[in-house]
Every structure is written in structure tokens, then in C-alpha cells.
Amino acid sequence: MKFAAVIGHPVKHSLSPAIFRAFSEAMRAPLEYTAIDVRPEGLAATLDAVCESPWVGLNVTLPHKEKIVPLLDRTAPEARALGAVNVVRFRGGKRSGYNTDVAGFMAPLKRQRTTLRGKVCVVLGAGGASRAVCAALKKERVGAIHLFNRTPARAARLAREMKGKINVHSLSRKPLEEILEEEKPALVVNATSAGLDGRSSPLPRGVRLPKEAVAYDLIYRPEWTPFLRAARKQGCDVVFGLGMLVAQAAETWKIWFGESISPKTLLAIEKALQD
Ligand code: NAP
């Protein structure tokens, strides 16, 4: 039996134990996967306590994704560039950090054959998730990224750190409407936490998405956020956050065990988690 866990604070509502239980069954690979609530001051001690076999690794969630970086022996280039680690692998007494959010974000778009090269994309929100989204879009060589945030200074900082051409705006009606109408984006991503309560939307009152845009919400509970409901009403194709969550977990599995989980199995697990 191998062991792994997701560490975060708080972490009790994490879906990761259910996802990895499903992976373990589908792949017939015994894995005991738990959720461990770790306060920031306990991060180093927790890492020391679990870094030996039979532990294979950890998933890392808020608020530890950045703080764990200096505690590792090695960090993969993508995680280093993002300054954030969401997967740790233990091997030969060494701790290696990875980031699977970038690949996880792109997976549902690739599955539905949405191509973004040269296209205009809008990202709402400028926190940790938005950083992974912007990195993914840059990697896809999109034509332009328009980044909107309630606190524009935070978006400006993110754009500076990403060292690419990212256009920064305030998340308010006029600038958003202007970009939606004039630039006709192919993709609008909600990377804010507005919608987690099932009631709030990142879209300022009266703003409508163009029906040609794909609307992607990173929030996975609830499945139908107010943002996605409004987008569907406009006739947009929608992408649910659960696809990203399951895809980044599948990337984690590959890092720990060297095995890919088939798209068919991933889709079945995603469906089972929706119900
Ligand atoms: P974070 O670092 O705390 O950032 C939160 C962002 O949401 C900030 O840009 C914040 O704006 C904005 N925001 C919060 N409330 C808002 C409101 N009422 N109206 C407009 N903007 C608001 O969080 P994060 O780690 O980036 O996560 C963001 C979301 O992505 C969360 O819902 C998380 O569950 C989800 N997520 C999903 C996956 C997945 O696999 N599907 C992975 C990672 C994250 P200010 O800067 O102005 O405060």
C-alpha cells in the first residue's frame, strides 16, 4: 500500500480524496489518500514527517502553494516559472515540486477541440489560479490576453511578473463591455472566487457574453455557477471547473506512478463526481 495526501488549510471540503480513490480503483493500484489540514507554521514539519516511502507524494493547495517551494530539493521548470507548486513527489529521499494546474486547465479545452492560437482571451481574476491560466494561454500563443480584476493593482502585478503582453483592466461594466464588443474574445475564463456561494457572479450587472465565446469557470462546486448559467443563456459553449480538477489530478498520477489514465476513465470519473 502506498500513501499520499492533499495538504491545505482549510482542506476538509477537498474533492481530491474522492478523485484519487476513483483513480486507485480504476488503475488497480492500492493508494491510501487522505486530506490533512496543515497550518502554515506546520508545513515544514509535515513535509519531514511524510517524505519517506511508502509515501509517494502530496497535493498542495491554499495557502501553501508558494511557501512550499523553498522547502523542496528540486522544482520543475513550469512550477519554478509560476512560483507555485501543487504536486510534490518523494523519491530516493528527495522532494520534487511540480505544477499541474497549467496542463489541467488546458485539458478540457483540448478535449472539446477548442483552439486558441492567435485568438483573444479574457481572464477574470488575478489570484493564484489566474496565474496558471495566463501561463497556459501564453503557452498556447493566444493573440491577446485581457486580464480583469476587482483590484486592478493586483492584476498589474501579475502581468508584470508574467513578463508577457497582458492587458490589464478594472473588473467593471464599461471596460469589460468594451473588450467583449470590440475584441470578440474566443474564451472568457472566470478565475475569481465569485460564484462559490452559488449566487454571486464576476460579471458586472448588465454585462452579456458574446455567444461565440466559450465560457470557462474554474469553480467546480457548484457545477452551474451564475457565470455559466448567464453564459449558457447567451448561447455560449461552457466548460466546467471539475474537468480541470480531474485533469490536474490525472497529471499528478502520471508524476507519481508514470501511468496515464485514459480519457474515457477520466470522463467517467468526472461524471460520477457530478452526481
Ligand atoms: P485567490 O488567489 O484567493 O484569488 C481570488 C480572486 O477572486 C481575486 O482575483 C479576487 O479579486 C477575486 N474575487 C473574489 N471575490 C470576488 C468578487 N465578489 N467579485 C469579483 N472578483 C472577486 O483564489 P485562487 O486560488 O486564484 O482561486 C480562484 C478560484 O479558482 C476559486 O474559486 C478556486 O476554487 C478555483 N480553482 C479551481 C481549480 C480547478 O482545478 N478547477 C484550481 C484552482 C482554483 P481581488 O484581487 O480584487 O481580491
Side-chain angles (χ1 to χ4, degrees), residues 6 8-16 18-20 59-68 79 82-87 98-109 111 122-136 145-162 166 168-173 175-176 188-205 207 215-228 230 238-253 266 269-270 273-274:
V6 54
H9 179 69
V11 80
K12 72 170 186 253
H13 296 300
S14 172
L15 273 183
S16 294
I19 294 173
F20 281 90
N59 281 122
V60 182
T61 186
L62 294 180
H64 306 311
K65 287 185 177 188
E66 287 95 23
K67 298 208 175 68
I68 201 161
L82 279 174
V85 157
N86 73 326
V87 180
Y98 302 84
N99 193 299
T100 62
D101 282 336
V102 172
F105 170 74
M106 283 312 299
L109 291 166
R111 188 165 74 197
V122 165
V123 181
L124 312 177
S130 170
R131 181 182 292 267
V133 170
C134 291
I145 301 174
H146 290 278
L147 180 63
F148 289 79
N149 200 42
R150 187 176 59 178
T151 313
R154 193 175 180 193
R157 196 165 59 238
L158 176 59
R160 246 189 340 267
E161 287 167 8
M162 300 286 303
I166 297 180
V168 171
H169 314 268
S170 160
L171 181 45
S172 46
R173 181 170 177 165
L176 183 56
V188 180
V189 182
N190 177 26
T192 76
S193 38
L196 276 175
D197 59 3
R199 291 188 309 274
S200 42
S201 168
L203 296 176
R205 192 182 292 272
V207 172
Y216 190 154
D217 202 326
L218 300 200
I219 293 174
Y220 47 86
R221 283 268 158 93
E223 182 188 21
W224 279 99
T225 57
F227 171 75
L228 289 186
V238 301
V239 180
F240 301 103
L242 192 59
M244 172 176 174
L245 189 73
V246 172
Q248 63 80 21
E251 290 294 317
T252 302
W253 188 274
L266 293 180
I269 290 172
E270 216 179 294
L273 288 166
Q274 270 162 7

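Note that ligands are numbered from 1 as they come in the structure, with each ligand's atoms numbered from 1 the same way.
When all heavy atoms are compared, the tightest approach of Pro226 to Ser200 is CG-O, 3.4 Å.
When Leu62, Thr151, Asn86, Leu245 are ranked by how near their heavy atoms come to atom 40 (O) of ligand 1, first place goes to Leu245. Across the listed options Arg154, Met244, Arg157, Arg154 owns the non-hydrogen atom lying nearest to atom 8 (C) of ligand 1. When the heavy-atom distances from atom 2 (O) of ligand 1 to Gly128, Ser170, Gly125 are ranked, the shortest goes to Gly128. With distances taken over non-hydrogen atoms, the option nearest atom 24 (P) of ligand 1 out of Ala129, Pro63, Gly241 is Ala129.
Contact annotation: the side chain of Leu245 never approaches that of Leu273 to less than 4.5 Å [non-hydrogen atoms, C-beta and beyond]. Looking at heavy atoms from C-beta onward, Arg221 lies out of side-chain contact with His13 at the 4.5 angstrom threshold. With a 4.5 Å cut-off on side-chain heavy atoms, Asp101 and Glu251 do not count as touching.
Residue contact annotation: Asp101 has no non-hydrogen atom under 4.0 Å from ligand 1.
Those atoms of ligand 1 that come under 4.0 Å of a heavy atom in Gly127, given as number and element, are 2 (O), 4 (O), 9 (O), 26 (O). Which parts of ligand 1 touch Leu196 is read off a 4.0 Å heavy-atom cut-off, strictly below it: atoms 32 (O). For ligand 1, the atoms closer than 4.0 angstrom to any heavy atom of Ser193 are 5 (C), 7 (O), 14 (C), 15 (N), 32 (O). Atom numbering of ligand 1 starts at 1 in the shown order; those under 4.0 Å from a heavy atom of Ile219 are 32 (O).
Nearest protein neighbour of atom 11 (O) of ligand 1, counting heavy atoms only, is Asn149 OD1, 3.3 Å. Scanning the protein for heavy atoms near atom 6 (C) of ligand 1, the closest one is Thr192 CA, 3.9 Å. The nearest heavy-atom contact from the protein to atom 19 (N) of ligand 1 is Ala194 CB, 3.8 Å.
The ring-ring contact (aromatic ring centres under 6.0 Å, His included) test with Tyr216 singles out one residue from Phe240, Phe227, Phe105, and that residue is Phe105.
Aromatic ring orientation, His169 versus Phe148: parallel (interplanar angle below 30°, classes split at 30° and 60°).
When heavy-atom distances to ligand 1 are checked against a 4.0 Å cut-off, Leu242 has no atom that comes that close, whether in backbone or side chain. Contacts between Ala191 and ligand 1, counted as non-hydrogen atom pairs separated by less than 4.0 Å, involve the backbone only. Residue contacts with ligand 1, taken as heavy atom pairs separated by less than 4.0 Å, do not involve Pro202 at all.
With Asn149 contributing its side chain and Arg154 its backbone, the two residues share no donor-acceptor pair below 3.5 Å.
Geometrically, ligand 1 and Ala126 share a nitrogen or oxygen pair separated by less than 3.5 Å. The N/O atoms of Arg150, backbone and side chain alike, include one that comes under 3.5 Å of an N/O atom in ligand 1. Some N or O of Leu218 is nearer than 3.5 Å to an N or O of ligand 1, by distance alone. The shortest N or O to N or O distance between Tyr220 and ligand 1 is not under 3.5 Å.
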Note to self: Would Asn59 and Ser16 count as a side chain to side chain donor-acceptor pair (under 3.5 Å) here? Give the steps.
What the structure shows: CA-CA 9 Å; Asn59 281 122; Ser16 294; 4.9 Å; no
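Using a cut-off of 4.0 Å between Lys/Arg side-chain N and Asp/Glu carboxylate O, Arg111 and Glu270 are scored as salt-bridged.
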